[in-house]
Amino acid sequence: MNQSSLSISFFRQDVLEVAPQLLGKIVQLKTKAGNRYFFITETEAYCGEEDMGCHCSKGRTTRTEIMYHAGGVYYVYLIYGMYWMLNIVTGKINQPQAVLIRGIKEFDVTTGKVFANYNGPGKTGKVLGINKSLYGTPVLQDNRIKILSHNFQGSTDKIKTAPRVGIDYAEDEWKNKPWRFILS
DNA sequence: TGAGTGATCGTA
DNA sequence: ACGATCACTCAC
């Protein structure tokens, strides 16, 4: 298995480039029992203060501060008191954007066989052991989670788009944007 | 369809 | 200081 990570320049592209390109990318998780391997199956893009579905539509706050950083750091937060959402900041400095990782599948690294599906951002955060300590950590620096630069076999072929989930409070213009990317 | 759960943010 | 809200999940 090629272990090279995605570069910092990848994450500093616009979120609408990064979000679909993250589909199929392999995530390596280091645990006491050894490495576990996943690939990304679903993402969502959140794009700037003008995007009424994005947390940054309310401007710079303690929570959203990290989104104003240049791309390539983690943005995590707790929702509904239970679920840690895993996001990666993208774009340039002061261009607040992030990709939400909404789903991953786990596979056996020797056989290449998929054996578990974690659909939904809450489940994704749980299986990866996300918590607030990851907030602001550079993606390339974290020693527990590595995002590799190559794709799970044959996973890039079919990308579906759909409106984003859970932002019913936003006006139709933003609610309807096809910024949810799904591997099929 | 609604309960569970706690950080965050706007209003005082 | 308080109350409403929330990029969700699971059981019913």
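If you're wondering where the values come from, they're calculated on a predicted model, not measured in any experiment. Atoms considered below: every heavy atom in the structure, side chains included; atoms not considered: hydrogens, waters and symmetry mates.
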Taking C-beta and beyond as the side chain, do [X] and [Y] meet within less than 4.5 Å on heavy atoms?
X: A:Val165; Y: A:Arg180; answer: yes
X: A:Leu22; Y: A:Leu6; answer: yes
X: A:Leu183; Y: A:Ile159; answer: yes
X: A:Ile130; Y: A:Ile145; answer: yes

For A:Lys132, report the nucleic acid contact type (base, sugar-phosphate, nothing); a contact means any heavy atom under 4.0 Å. nothing

Quiz question: by atom type and distance under 3.5 Å, do the side chains of A:Gln97 and A:Asp14 form a donor-acceptor pair?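 Looking only at side-chain atoms, A:Asp14 and A:Gln97 do form a donor-acceptor pair, the distance falling under 3.5 Å.
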
Of A:Val99, A:Val27, A:Leu134, which is the lone residue that meets side chain to side chain contact (heavy atoms under 4.5 Å, CB included) with A:Leu86?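 Filter result, single survivor: A:Leu134.
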
Check nucleotides 3-6 of chain B against the protein and report each pair of N or O atoms closer than 3.5 Å, with its distance, or say if there are none.
from, atom 1, to, atom 2, distance (Å)
B:dT5, O2, A:Tyr80, O, 2.6
B:dG6, N2, A:Tyr80, N, 3.4
B:dG6, N3, A:Gly81, N, 3.4

For A:Tyr46 and C:dA7, are the ring centres under 5.5 Å apart with planes inclined under 30°? yes

Residues A:Glu44, A:Arg164: salt bridge by 4.0 Å N-O rule: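 Result for this pair is no, no salt bridge flagged.
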
Connected via hydrophobic side-chain network under 4.5 Å: A:Ile182 and A:Phe152: no

Between the protein and nucleotides 9-12 of chain B, list every N/O to N/O distance that falls short of 3.5 Å.
from, atom 1, to, atom 2, distance (Å)
B:dC9, OP1, A:Thr61, OG1, 2.4

Map every base of DNA chain B to its dot-bracket character, where paired means a Watson-Crick or G-U wobble contact with both distances under 3.5 Å and | marks a partner outside the strand. ||||.||||||.

